[in-house]
Q: 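Right, I'll just put the structure down here and ask away after.
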Amino acid sequence: MATITPKLSDEFPLTIASSTNSVTLRISKFNPKTDSTATFVEFKVPVQKWTTVLDIILAVKQHLDPSVAVRYSCRQASCGSCGMKINGKPALACYTKISELNSNVVTVEPMNNFPILRDLAVDFTQFFSTHKKLKPYIIRDDSEVTGDTKEFLQTPKEVEEYLQFSYCIKCGLCNSACPTMATDTSFIGPQALAQAYRYIADNRDNGKKDRLKIIDDSHGIWRCHFAGSCSQVCPKGVDPAMGIQLLRGYLLGFRK
Amino acid sequence: MQESVIMKIHYGTALGAVVLVAIHILFRMTQNFSESLQYESVIANYHFLPYAIMLELILILLSVHGFNGLRVILIELKQGVGYEKAVNYGCIAGIAVLVAYGSRTILMAGFGM
Ligand code: SF4
Ligand code: FES
């Protein structure tokens, strides 16, 4: 097992001399072009109270194994790039502290229900194309911005209808936790369905009919069995499971 | 048929079947349970037209609900245009066969054939 030894000179926050604890980081390594199965490589890494899972992965990448494939950008739970399975649960690596895992072993794997590109990096092509298919924008004949910069004012109550669903950062954790997505590769998925609700519930939007038609498909909204795991793993509190049930209300005639 | 229409039928048949099966079970309580399963008691049910109609309705509701449930499971398990078409038509055929066979039993018992 490779070990990172704390050094004062290193600028990386993990490697400062006051480091007392350490954890074993197990990284799933897999290249679909050359490997038939994933293997785990282990590293001993020093950690602080505030160290995140992304911090230790990047420490390993910097000091021990530069070949580890991991996607990240903002490091503050805003860009949605660093989704992965951490100790078996889908989570954002930059938003998960080692201290909250209550374990000396941290196992990181790529998200389920996505094709693996390499190691922890997965392919979002289908995810984004499904998201796009649901028309994630305000649809109306008149434009919001005209010569005299017209505005469409909303009351706080109208904003409240969809606000929670607009917090989605497209990290894919909900799709990765969804049991239907595990077997139904054509399922629209909780992320796109929640976004369909976000725009349908927006009173500035006129695209309800189009979107309801898209989701009312044999691999659409009806394939959700309300397991609720999507809402449990969502780091932004979007609650896609609730969005899906509210969306069903339109199709069953409970909501107008 | 639109999926929302199919699913409305799915939920409707479930509710209908729960109500009718509950009535069916309540009827078992009008007599001793083992007695209600005697040959004569069962045949008497088929000879009583409203009861025979109720049994026929239960048969239709459960066949439609059950085969649609099976269709949902199968299309969630595997995808593909040809496969899904086969599943859809297979389930429609399954409903038709089951309803035909069950109706034949109800009619034969009802008319003492
Ligand atoms: S709904 Fe939540 S879990 Fe799903 S993609 Fe959006 S932010 Fe991520
Ligand atoms: S790096 Fe942006 S969400 Fe984690």
Side-chain angles (χ1 to χ4, degrees), chain A residues 112-115 125-127 129-130 133-134 175-190 192-193 196-197 200 208-230 241 243-256, chain B residues 1-23 54 57-102:
Chain A
N112 287 342
N113 308 336
F114 284 87
T125 312
Q126 194 190 336
F127 177 85
S129 87
T130 311
K133 209 173 86 185
L134 268 293
N175 281 24
S176 151
C178 172
T180 303
M181 294 237 61
T183 57
D184 188 346
T185 50
S186 310
F187 179 46
I188 290 178
L193 287 170
Y197 177 76
I200 288 173
K208 182 170 106 184
K209 226 173 110 196
D210 291 2
R211 293 196 196 92
L212 290 184
K213 211 171 142 195
I214 299 165
I215 62 169
D216 191 7
D217 176 77
S218 60
H219 294 285
I221 188 162
W222 306 102
R223 297 294 81 87
C224 165
H225 297 289
F226 205 23
S229 40
C230 51
I244 294 171
Q245 302 317 308
L246 293 171
L247 210 48
R248 269 186 186 168
Y250 291 105
L251 289 162
L252 291 172
F254 301 136
R255 289 172 78 91
K256 289 277 159 264
Chain B
M1 203 186 281
Q2 257 184 325
E3 197 66 17
S4 53
V5 177
I6 299 175
M7 293 313 285
K8 278 177 194 163
I9 295 172
H10 192 69
Y11 300 147
T13 50
L15 289 174
V18 166
V19 171
L20 294 183
V21 170
I23 295 172
M54 188 183 78
L57 282 176
I58 292 177
L59 171 69
I60 295 170
L61 293 176
L62 289 182
S63 306
V64 171
H65 185 81
F67 271 102
N68 186 51
L70 180 67
R71 178 190 72 94
V72 168
I73 293 169
L74 292 175
I75 61 169
E76 279 180 11
L77 217 56
K78 203 168 122 63
Q79 293 77 46
V81 182
Y83 167 77
E84 288 177 35
K85 227 178 211 166
V87 166
N88 289 340
Y89 288 116
C91 286
I92 292 171
I95 295 171
V97 170
L98 196 63
V99 169
Y101 188 73

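Order of the sequence lines sets the chain letters (A, B, ...), proteins ahead of strands, with each chain counted from 1.
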Q: Please indicate whether B/Y101 has more than 12 foreign heavy atoms, meaning atoms of other residues, nucleotides or ligands, lying under 6.0 Å from its OH.
A: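 No, the 6.0 Å shell around OH holds no more than 12 heavy atoms from other groups.
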Q: For a quick test of reading the model, state the closest non-hydrogen atom pair linking A/I188 to A/I214 and the distance between them.
A: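 Scanning both residues, the minimum pair turns out to be CD1-O, 3.9 Å.
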Q: With a sphere of 6.0 Å drawn around NZ of B/K8, does it hold more than 12 non-hydrogen atoms of other residues, nucleotides or ligands?
A: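 Yes.
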Q: Could you check whether the rings of A/F114 and A/F127 sit parallel, tilted or perpendicular, using 30° and 60° as the cut-offs?
A: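 Taking A/F127 first and then A/F114, their aromatic rings sit tilted (interplane angle of 30° to 60°).
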Q: Would you say B/S63's side chain and B/L98's backbone share a donor-acceptor pair under 3.5 angstrom?
A: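 Not at all, since once roles are kept as given, no pair shorter than 3.5 Å links the two residues.
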Q: Using non-hydrogen atoms only, which part of B/E76 is less than 4.5 Å away from chain A: side chain, backbone, both, or neither?
A: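 Both backbone and side chain.
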Q: Side-chain contact, heavy-atom cut-off 4.5 Å: B/V64 with B/I9?
A: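 With C-beta onward as the side chain, the pair touches.
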Q: Heavy-atom pairs under 4.5 Å with chain A - which of B/L77, B/V72, B/V5 has more of them than the others?
A: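 Heavy-atom pair counts peak at B/V72.
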Q: Taking non-hydrogen atoms and a cut-off under 4.5 angstrom, which of residues 247-256 of chain A neighbour chain B?
A: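 Listed by number, the contacting residues are A/R248, A/L251, A/L252.
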Q: Are any non-hydrogen side-chain atoms of B/R71 and B/I6 less than 4.5 angstrom apart?
A: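 Yes, at least one pair of side-chain atoms sits under 4.5 Å.
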Q: Is chain B contacted by the side chain of A/D216, its backbone, both, or neither, given a heavy-atom distance below 4.5 Å?
A: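 Contact with chain B is through both the backbone and side chain of A/D216.
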